Amino acid sequence: MLEKEYKAADNHGRPSEVSPLSGKTARLRPVSFAHPSEEDFAKLLDFYCIEWLYEPRSFPLRWEGKKIVEMFTPDFYLPELDLYVELTTLKQNLLTEKNRKLRLLRQLYPEVNIKLLTKNDFIKLLAKYGYGPLSEVKVEGIERVLYSHAKIQRRVRTLARRISHDYAGQRLVLVGILKGVVCFMSDLMQHLSIPVNVDFMAISYYGGDGQIVKITKDLDSSITAQHVLMVEDTVDTGMTLNYVLGHLSAHNPASLRVCTLLDKRARRLIDVPLHYIGFEVPDEFVVGYGLDYKGEYRNLPFIGVLRPELVQRGASS
Ligand code: IMP
Ligand code: MG
């Protein structure tokens with residue numbers, strides 16, 4: 001492979017030199033892309049927080065004796081999808097040549113997952129993984145993506161493993177507060193390896209500043225003498241959780257713990273005990289993966305920060 005200069009962007013945007021083949025999670029960012037469409041593709045992947053490597057590997061395709069006489073270097077590798085991507089235009093001569101190389105590559109390296117994509121194809125591919133065409137999923141309101149779908153899934157699996165381990169040999173009642181928790185509850189419960197019951201409550205906020213909590217739907221079954229895990233999407237000021245925990249403990253459960261996907265610690269007004277935390281988030285309004293702003297954005301498969309100019313505080317559930 002041709003020697004290139006690479007920089008890896010870490011989470012804080014400070015570039016550092018890395019070798020092209022090292023660093024499993026670093027985003028390898030070339031100083032310049034060979035083609036503008038590659039840069040577009042990289043920007044789209046960055047927006048969705050999908051990890052990518054630029055030309056990390058070359059595949060020898062033809063040899064004369066021991067000498068490699070033909071190689072193919074796909075443009076991108078997406079580790080989370082275990083997928084190589086070669087971008088292409090519809091120019092027939094280029095397409096024929098690339099198709100020939102791809103056929104050879106697939107014969108020689110059958111375990112390698114590679115796709116030849118035009119710009120339209122890559123938008124369709126993103127849609128297949130839940131990152132649908134931009135206009136359809138209202139991403140115009142999103143300032144930036146905080147957690148990709150893949151990252152959320154990994155974190156949820158880790159939490160589920162810890163919970164299954166901690167409650168081994170016991171039955172657990174999961175209690176969620178509608179509606180923000182639906183995606184998290186659904187994914188979390190599927191990864192628990194202990195027997196569980198699931199129940200939901202719904203609440204609304206009233207009073208001048210919206211800080212008085214009222215239960216609009218109570219539990220369907222008794223939790224007395226049961227091990228209860230309260231599952232929340234976000235703990236912000238802590239008022240909601242504090243109120244609901246008071247309500248639940250009045251029913252004398254055998255134990256009562258809290259699992260929250262997001263902990264917005266910077267805004268805490270009431271100290272509430274959190275036993276399992278997905279991510280600690282900055283003091284910004286986030287949406288997606290069940291979280292809404294005025295009833296919208298719940299269906300985004302990722303969690304993103306809403307553009308601050310769109311936010312009036314206290315408008316979600
Ligand atoms: P708290 O009572 O202030 O802790 O608020 C918790 C509730 O507010 C959560 O259950 C969420 O439904 C909602 N909430 C807090 N922050 C956000 C956010 O950034 N996006 C969406 N909903 C939020
Ligand atoms: Mg809520």
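Since we're looking at a predicted model, the values are computed, not measured. Ligands are counted one by one from 1 in listed order, and the atoms in each one are counted from 1 as well. All heavy atoms count here, side chains included; hydrogens, waters and symmetry mates do not.
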Checklist entry - Going by distance alone, is a donor N or O of one side chain under 3.5 Å from an acceptor N or O of the other, for Thr96 and Asn99? => result no
Checklist entry - Can you find a non-hydrogen atom of Asp292 under 4.0 Å from ligand 1? => result yes
Item to check | Counterpart residues, side chain to side chain donor-acceptor pair (under 3.5 Å), relative to Arg268 (two or more places apart) | outcome: Asp263
Next on the checklist: Going by the rule side chain to side chain contact (heavy atoms under 4.5 Å, CB included), which residues pair with Lys101 if we only count those two or more places apart in sequence or in a different chain?
Outcome noted: Leu61, Glu70, Phe72, Glu97
Checklist outcome for this item: So the atoms of ligand 1 within less than 4.0 Å of a heavy atom of Thr237 turn out to be 1 (P), 2 (O), 3 (O), 4 (O)
Checklist entry - Using 30° and 60° as the class limits, which term best fits the ring planes of His247 and Tyr243: parallel, tilted or perpendicular? => result parallel
Item to check | Selection from Lys179, Lys264, Met239 by shortest heavy-atom distance to atom 18 (C) of ligand 1 | outcome: Lys264
Checklist entry - Is the closest N or O pair between Val235 and ligand 1 shorter than 3.5 Å? => result no
Checklist outcome for this item: Taking only non-hydrogen atoms of Glu284 and a 4.0 Å limit, the atoms of ligand 1 in range are 19 (O)
Item to check | Tyr147 and Phe302 aromatic centres sub-6.0 Å | outcome: no
Checklist entry - Do ligand 1 and Leu291 have nitrogen or oxygen atoms that lie under 3.5 Å from each other? => result no
Checklist entry - Measuring from the heavy atoms of Arg267, does anything fall under 4.0 Å of ligand 1? => result no
Next on the checklist: If you measure every N or O of Asp236 against every N or O of ligand 1, does any of those distances drop under 3.5 Å?
Outcome noted: yes
Item to check | Min heavy-atom dist Thr234 to ligand 1 below 4.0 Å | outcome: yes
Next on the checklist: Below 4.0 Å from ligand 1: does a non-hydrogen atom of Tyr205 turn up there or not?
Outcome noted: yes
Checklist entry - Quick one: which of Asn299, Asp187, Asp233 gives a side-chain hydrogen bond (donor to acceptor under 3.5 Å, both in side chains) with Tyr289? => result Asp187
Next on the checklist: Checking contacts here: is it the side chain or the backbone of Leu241 that comes within 4.0 Å of ligand 1, counting heavy atoms only? Could be both or neither.
Outcome noted: neither
Checklist entry - Tyr84 and Leu94: same hydrophobic cluster, using ILVMFWY side-chain contacts below 4.5 Å? => result no
Checklist entry - Salt bridge or not for Glu80 and Arg154, using N-O below 4.0 Å? => result yes
Checklist entry - Is the side chain of Asp199 donor-acceptor paired with the backbone N or O of Val173 at a distance under 3.5 Å, no angle test? => result no
Next on the checklist: Suppose I only count heavy atoms of Thr240 and a 4.0 Å limit; which atoms of ligand 1 are within that range?
Outcome noted: 1 (P), 2 (O), 5 (O), 6 (C)
Checklist entry - Would you say Val287 contacts ligand 1, with heavy atoms under 4.0 Å as the rule? => result no
